[in-house]
Amino acid sequence: MNFKRSSILRMALMGVGEGDPEKGARESFMVRAVKIAMVVMLYWFISITMVFLNKYLLDSPSLKLDAPLFVTFYQCLVTVVLCKSLSLLTHVVPSHVLEFPSLRFDLKVLRTVLPLSVVFIGMIIFNNLCLKYLGVAFYTVGRCLSTVFNVLLSYIMLKQTTSMYALMSCGIILGGFWLGIDQEGAEGTLSWAGIFFGVLASLCVSLNAIYTKKVLPAVDGSIWRLTFYNNVNACFLFIPLLFVCGEVGTLLAFDKLSMFYFWGMMTLGGIFGFAIGYVTGLQIQFTSPLTHNISGTAKACAQTVIAVMYYHQIKSFLWWTSNLMVLGGSFSYTWVKGLEMKKTQGETNQSQSNGEKSSVGV
């Protein structure tokens, strides 16, 4: 579900008339700048709201629902329903208004996607369990090791080496992670279960990225088809887990199970979980992958500050230092990888140019 390039171009050039070219260019730039700012703000709003909403569903004293697997299962179910609904809507809505791939239940594709779905289900379960036990303020530090695991798994599985500057960035992240654990322990708020789930979540995030690249050809390169099949598989995988972990009994004994408010909040959580995939793609489309990662780092910083203020927490100087180290290391790694990709692209273009000149000379 995305805007076509022609639509974006028309929106970006909107307001440029036959008058002063300089004024038209200035207006065009302002329109683009405003649109980019709105997209980034939308990404921040949905991402931060989703984290706080999940925290409420997972660990609210007023809700008192100890069923993290069911919460995650329901969000996957909402994503499946939304994907299928949007696919059906394309039959009645013009393509310039809504663009979404056709979806159908294909058992062969479901089997192909299954290994990724196992990693995916681990990622979302451990993410939610990390959030449940650590809280929003320390959530960024608790699951910050995905960058480090990216480097390790790229070397182990893909035989890709990493530059010294990128490794130094990973070192800063690791230093911030350990300092954060130390400070949480000093304040008496450390949960080793939350740290354990955070490390597993980080590992699954890295594995998910690797397996996604392998599985994408099976869904014709469509992220939305992959989202649909991934969540369908996840729904089936969750059912036995709900019985094994005893959450079915927990749900039957839950006193708010018949309340509209409860199901409304659950459904809202699922909608935000679906929407984060859309706004992530939208932010990358309007900016770049590098800018998206930088925006994500800045968002994590804002999220931490908002959480400390919202929950009326008082944190030490070293606690804040650990967060800044993690965020600074993440920003540095993103920047270094961006420069390396630009350098590699430049060398590729140069070699292609030299090859064309040689062929012309012959």
Side-chain angles (χ1 to χ4, degrees), residues 1-2 50 54 67-95 98-129 146 149 153 157-158 200-201 203-249 251-252 263 266-282 284:
M1 184 172 61
N2 53 9
M50 183 183 70
N54 280 344
L69 295 184
F70 175 73
V71 171
T72 314
F73 159 75
Y74 188 79
Q75 290 177 349
C76 291
L77 185 63
V78 170
T79 297
V80 170
V81 172
L82 288 173
C83 283
K84 190 61 180 176
S85 299
L86 287 170
S87 178
L88 293 173
L89 272 176
T90 57
H91 297 297
V92 293
V93 178
S95 60
L98 175 65
E99 187 179 1
F100 201 86
S102 60
L103 300 173
R104 60 189 180 88
F105 289 94
D106 189 323
L107 290 177
K108 184 179 178 182
V109 177
L110 285 171
R111 284 196 300 268
T112 305
V113 175
L114 186 58
L116 171 64
S117 300
V118 173
V119 175
F120 170 74
I121 198 173
M123 179 181 73
I124 55 178
I125 287 174
F126 295 136
N127 260 328
N128 279 347
L129 287 173
S146 55
F149 280 121
L153 294 176
M157 300 177 68
L158 306 176
L200 288 179
L203 175 60
C204 288
V205 167
S206 301
L207 286 171
N208 187 72
I210 293 173
Y211 277 103
T212 295
K213 292 179 181 178
K214 292 183 178 181
V215 172
L216 267 175
V219 290
D220 302 320
S222 171
I223 290 294
W224 286 115
R225 281 199 182 100
L226 183 60
T227 299
F228 174 72
Y229 285 113
N230 228 355
N231 282 274
V232 169
N233 276 337
C235 288
F236 285 116
L237 291 171
F238 265 118
I239 293 172
L241 288 175
L242 291 174
F243 284 95
V244 170
C245 296
E247 291 199 4
V248 173
L251 286 169
L252 292 175
W263 290 108
M266 288 282 287
T267 303
L268 189 62
I271 292 172
F272 271 88
F274 172 84
I276 192 64
Y278 173 64
V279 294
T280 296
L282 196 64
I284 293 171

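All residue numbers in this chain count up from 1 along the given sequence.
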Residue pairs passing the side chain to side chain donor-acceptor pair (under 3.5 Å) test with at least one member in residues 112-123, sequence neighbours excluded, are S117-N230, S117-N233
What's the spacing between I125 CD1 and M123 CE if we round to 0.5 Å? 11.0 Å
Smallest separation among heavy atoms of L69 and C245, with atom names: CD1-SG, 3.5 Å
Between M266 and V71, is the side chain to side chain contact (heavy atoms under 4.5 Å, CB included) condition met? List the steps. CA-CA 7 Å; M266 288 282 287; V71 171; 4.1 Å; yes
Rounded to the nearest 0.5 angstrom, the CG-OG distance for L153 and S206 is 5.5 Å
Are any side-chain N or O atoms of T212 and backbone N or O atoms of N208, one a donor and one an acceptor, separated by less than 3.5 Å? yes
Rounding to 0.5 Å, atoms OG (S146) and CG (N127) come to a distance of 9.5 Å
Applying side chain to side chain contact (heavy atoms under 4.5 Å, CB included) between V119 and each of L207, L203, V205, report the one that passes. L207
Between F70 and W263, what is the ring plane arrangement, given parallel below 30°, perpendicular above 60°, and tilted in between? perpendicular
Within 6.0 angstrom of Y211 OH, more than 12 heavy atoms from elsewhere: no
L129 versus P68, closest heavy-atom pair with distance: CD2-CG, 3.7 Å
Between Q75 and G273 (side chain of the first, backbone of the second, donor and acceptor by atom type, cut-off under 3.5 Å), is there such a pair? no
Could you state the interatomic distance from CG (L226) to CZ (F120), rounded to the nearest 0.5 Å? 9.0 Å
Which residues share a ring pair (Phe, Tyr, Trp, His ring centres under 6.0 Å) with F272, sequence neighbours left out: none
Closest heavy-atom contact between S87 and P101? OG-O, 3.4 Å
CZ of F100 to CG of L82: how many Å apart, nearest 0.5 Å? 9.0 Å
Mind listing the closest non-hydrogen atom pair of I276 and T280 along with its distance? O-OG1, 2.6 Å
Could you list all the salt bridge (Lys or Arg N to Asp or Glu O under 4.0 Å) pairs where at least one residue sits in residues 212-223, not counting sequence neighbours? D220-R225
Please report the shortest heavy-atom distance between C83 and F274, naming the atom on each side. SG-CE1, 3.7 Å
Residues which pass side chain to side chain contact (heavy atoms under 4.5 Å, CB included) with T72, listed by chain and number, not counting sequence neighbours: I124, N128, F238
dist L241:CG -> I121:CD1 (nearest 0.5 Å) comes out at 5.5 Å
Less than 4.5 Å apart, side chain to side chain, heavy atoms only: is that true for V248 and L251? no
Mind checking what makes ring pair (Phe, Tyr, Trp, His ring centres under 6.0 Å) contact with F105, not counting sequence neighbours? F228
Non-hydrogen atoms of V80 and C235 that approach each other most closely: CG2-SG, 4.3 Å
Of all pairs that satisfy salt bridge (Lys or Arg N to Asp or Glu O under 4.0 Å), the ones with a partner from residues 106-117, not counting sequence neighbours: R104-D106
Any S102 side-chain heavy atom under 4.5 Å of H91 side chain: no
